[in-house]
Number of protein chains: 2
Amino acid sequence: MTDAPESPVAPRPSTIHAVAALAGVSPSTVSRALNSPDMVRQATRQRVLASVERLGYQPNRAARSLVLGRTATLGLIVPDIANPFYAPFVKVVHSHVREAEYALFLGDTDEDLATEVALARAMARQVDGLLLCSPRMPGARLRSIAATVPLVVANRLSRTVPSIAMDFGPGIGQAVMHVHALGHRHCVFLSGPRDSWSNQQRSRTFASACHRLGIELTVLGPYEPFFGGGYRGADEALATGATAMFAYNDLVALGVMSRLAARGVRVPEEISVIGFDDIPMASMTSPPLTTVVMPIAAVAKASASILLSLLAGTVPRRPAGKELATRLVIRDTTGTAAVPSTRSVVPGRGGTERGTARPRS
Amino acid sequence: MTDAPESPVAPRPSTIHAVAALAGVSPSTVSRALNSPDMVRQATRQRVLASVERLGYQPNRAARSLVLGRTATLGLIVPDIANPFYAPFVKVVHSHVREAEYALFLGDTDEDLATEVALARAMARQVDGLLLCSPRMPGARLRSIAATVPLVVANRLSRTVPSIAMDFGPGIGQAVMHVHALGHRHCVFLSGPRDSWSNQQRSRTFASACHRLGIELTVLGPYEPFFGGGYRGADEALATGATAMFAYNDLVALGVMSRLAARGVRVPEEISVIGFDDIPMASMTSPPLTTVVMPIAAVAKASASILLSLLAGTVPRRPAGKELATRLVIRDTTGTAAVPSTRSVVPGRGGTERGTARPRS
DNA sequence: GTGAAAGCGCTAACAT
DNA sequence: ATGTTAGCGCTTTCAC
C-alpha cells in the first residue's frame, strides 16, 4: 500500500431533491423523468437529465428498495468459488443477472453446511431471489427458504423447489461403455463428499451402468474433492486390482494421475483414468484427461434464466434435455485393459521418460 | 428443472412493528433490544428476543441502510472470476468481508475496460467500500471514484488511492538468475494485455533483470492471457531462437508447453519455460511448471483489511514487505540451455512417447 | 427504561 | 404535465 486516504471524507451524495431544485421542478417530476420518461414533457425531461448529469446523481438504492419492496439484488451461494468447477458457474450467472439489471450478492460456503445455511438465511430477506449452487442442506430446509424468497437450486433436483441439474446418465453410460469396450472388467470409483447430491448421483449411476455391463465396481472413499484427495486415493485404488479408475471429479483424477506417475504406474498403458467435469485443466495436462463433460455453463445459464423469469413473472424456458446432458470426452488417459498380472511387478519408477529425463541443474 | 414454484407467493416478512406488538412493547424498544441490549431491561429484552424468534424477524436491510447511511455491503470487482488467478482472491476477500459482517457485491468485468468502469460507477454509491482488483481504468478515473466511496485497489499501485500490490522484483530476479545459471543467454517474454498494469510491471522488471545479467530479451505479444494465447505465442517464441521462455502467466505457459509438445519440442531439454502466478494447475502438470509464485492470498487479505480498517476508522496494518514478495518455485520445466543448433532440426513430432502410445479403441 | 415522533431518500397515489 | 402528500421499515432524538 502507499498512502493514507487523502479524500477528506466523501461528500454526501446528491439526492433527488438537489436535482429537483437545480432543475426547478419537484422531486416527483425528477422521479418520473427517470422512471417513466413519457409522463413528463420533453423539455422538462431534458432539464432534469441535465441536472442529473451535473450532479452525478444516482438514486439511492436503499431508499428505492424500501419503497418499491424490491432490492434489485440477487444472491448466489456456491460451495467454493476457488474451485474451477464453480468459478465459471458464477461468471455465467453474474453476466445474466447483470444483463437483467440486478446486482449480485456472492456467498461462498467453503463447502461447509452450517455456513451454507447461515448465508442462505442471511441473504434470503435481503434479495429478490436466491440461487443455490450445489446446496448440501436437507430438502426441508431448502423448502423453508423457498417459502421466504424466490429460490432456484442448481446441480441438485428437488420436487418442491425449482431446480435444475445436469443429466449424469449419458456421460457416465458412455464412460462405462468406453472402458468396457477397452476390455476393463474391474473398475473403481473414487467417491467425493458423502453428503453431496452429485456424489450420490454419480455413485449410483456408475454402479448401475457397471452392473448392466457386468463390470465389477469398487467404490472407494469418500475423498476430499481436490487434487490431494485423488493423490491419496490412488494407492487404495491401485490396491483393489482394478484396471480403470473413475474419479469423482477432474481434480481428483489429476491427483490420481500424479500419484500414479510418482509410483511409476503408466497411464493409460497400465491404468485408465477418467475424470469428471472437464475443467480447463483437463485438456492441458499430459496426457490429456478422458473425462465426462459437465454442461456447467448451460446449467448456470438455465438456472439464472429460471430465477429471472420467476421474478419477472414470465414462464421459464425449459431447457432442452440435450443441453443438460453430460457426455464423455475421450482423450489420452484411457486405453485397453492391461493383463492383471502386469501390475504389482512394476518397480518404483516406470516409463516417466520425459519427467525423469530432465537434466540436473 | 422440475416443477412450478408451489409457494403461493412468499408471505410478507414481519416488521419491527409486528415484533413489538407481539412482545407488547414499542418498536423503538425492539430496536434497542436488538442494537443496544443494555439500554433495555433484562426481562423486556427476553420477551423481545422471543418474539423475534417466533416471527423469524430479520431487520429490513434497506430500511436500515436508509436511516443509518451505511449499506453493510462492500463491492469487489475483478477482471475474470473464472480465471484461476482471481478466484482465490475473491474467496479470501469474501471470507474477510463476511467476518466483518458485510455482504459482498461481486462484479466481473470480463477483462473489459468499459464494463469495469460501468460496474465501478454503479457500485460506488451503493456500497460502503469498493475493492478493485487489477483495475485497468486510468488513474484519473480511479481518483474520481475514490472521491465517491472508500476505495482500495489491489494488484496495482497508485499514489493517490490506497493500493496494494505484490513485489515482482524478487521473483523475477530469481527467475532470471535461475535461467542465467542454467546457461541461457537469449530469452523471450510472452507479454499479456498491453493496458494491464501488472503486464507493464512484469515486462519492465524482466527487461531490467535480463539486462543486468547480460541476457538478451525479446518481448513478444501481447497475447491474450489464456491457454490459447500461449499456444499461439509458442511458435513465434520458438522462431526467435531463444532457449528460455517467460510467460505472462501460468495459463500462457501451459499453452506454450502444449504447443511445444505438439510440435515435438521437449521441455526442458530443448526449451525452458517459466510461468507466473503458480495457479494450482501449475504443480499438477507434467512436467510440473517452474513458475513465479504470486502471494495472491496475502494481497487479497491485505487489501480487504485495508478497506475494512478504512471503514472502521482504525489504522490499517501495513503488511510486511516479505508477505508481498513474489518468489521463484523451481519445478521441472527449466533445464540447462540447449546448444542453439539443436533446435530447428526437429521433425513434426518428437518425444511424445506416452501421448502416442495410446491404443486405438 | 420506555414510548412518541421525526426523518433517512424515494415513489406512487392523489390532486390540480 | 406537474406539485403535494403519505409512507416504505427502521433508528434515534426527545420526552416522560
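In what follows, every chain begins at residue 1, and chains take the letters A, B, ... in the order their sequences are listed. Nothing here was measured: the structure is a model prediction, and the numbers come from that model.
Atom pair Arg70(A):CZ and dT11(C):C1' shows a separation of 13 Å (rounding to whole Å applied). To the nearest angstrom, C1' of dA1(D) lies 16 Å from CD of Gln46(A). One atom, CG of Leu55(A), and another, P of dG9(C), lie 14 Å apart when rounded to the nearest Å.
Among the atoms of the strands shown, only primed sugar atoms or phosphate atoms (P, OP1, OP2) are found under 4.0 Å from some heavy atom of Thr44(A).
Partner Ile77(A) forms a side-chain contact (heavy atoms from CB on, under 4.5 Å) with one of Thr115(A), Asp108(A), Thr109(A) and no other, that one being Thr109(A).
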Practice prompt. Take Leu308(A) and Leu74(A) through the side-chain contact (heavy atoms from CB on, under 4.5 Å) test and state the conclusion after the steps.
Written response: CA-CA 9 Å; Leu308(A) 255 10; Leu74(A) 263 30; 3.6 Å; yes
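Look at Arg136(B) and Glu111(B) and you find a salt bridge, because one of the NZ, NE, NH1 or NH2 atoms lies within 4.0 Å of a carboxylate O, short of that distance. Salt bridge annotation for Arg45(B)-Asp38(B): absent, with no cationic side-chain nitrogen under 4.0 angstrom from a carboxylate oxygen. Here Lys301(A) does not pair with Glu99(A) in a salt bridge; the nearest charged N to carboxylate O distance is not below 4.0 Å.
For the residue pair Thr71(A)/Arg64(A), the side-chain donor-acceptor check at 3.5 Å is not satisfied. Under the 3.5 Å distance criterion, with hydrogens and angles disregarded, no donor-acceptor pair is assigned to the side chains of Arg61(B) and Ser65(A).
Axis deviation across the helix from dG1(C)-dC16(D) to dT16(C)-dA1(D) amounts to 40°, comparing end segments of five pairs, rounded to 10 degrees.
Between the CG atom in Asn155(B) and the CD1 atom in Ile296(B) there is a gap of 4.5 Å [rounded to 0.5 Å].
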Between the protein and nucleotides 9-12 of chain D, which nitrogen or oxygen pairs come in under 3.5 angstrom?
| residue | atom | partner | partner atom | Å |
| --- | --- | --- | --- | --- |
| dG9(D) | OP1 | Arg12(B) | NH1 | 3.3 |
| dG9(D) | N2 | Ala63(B) | O | 3.3 |
| dC10(D) | OP1 | Tyr57(B) | OH | 2.6 |
| dC10(D) | OP1 | Asn60(B) | N | 3.0 |
| dC10(D) | OP2 | Ile16(B) | N | 2.4 |
| dT11(D) | OP1 | Asn35(B) | ND2 | 3.0 |
| dT11(D) | OP1 | Arg64(B) | NE | 2.5 |
| dT11(D) | OP1 | Arg64(B) | NH2 | 3.3 |
| dT11(D) | OP2 | Ser31(B) | OG | 3.0 |

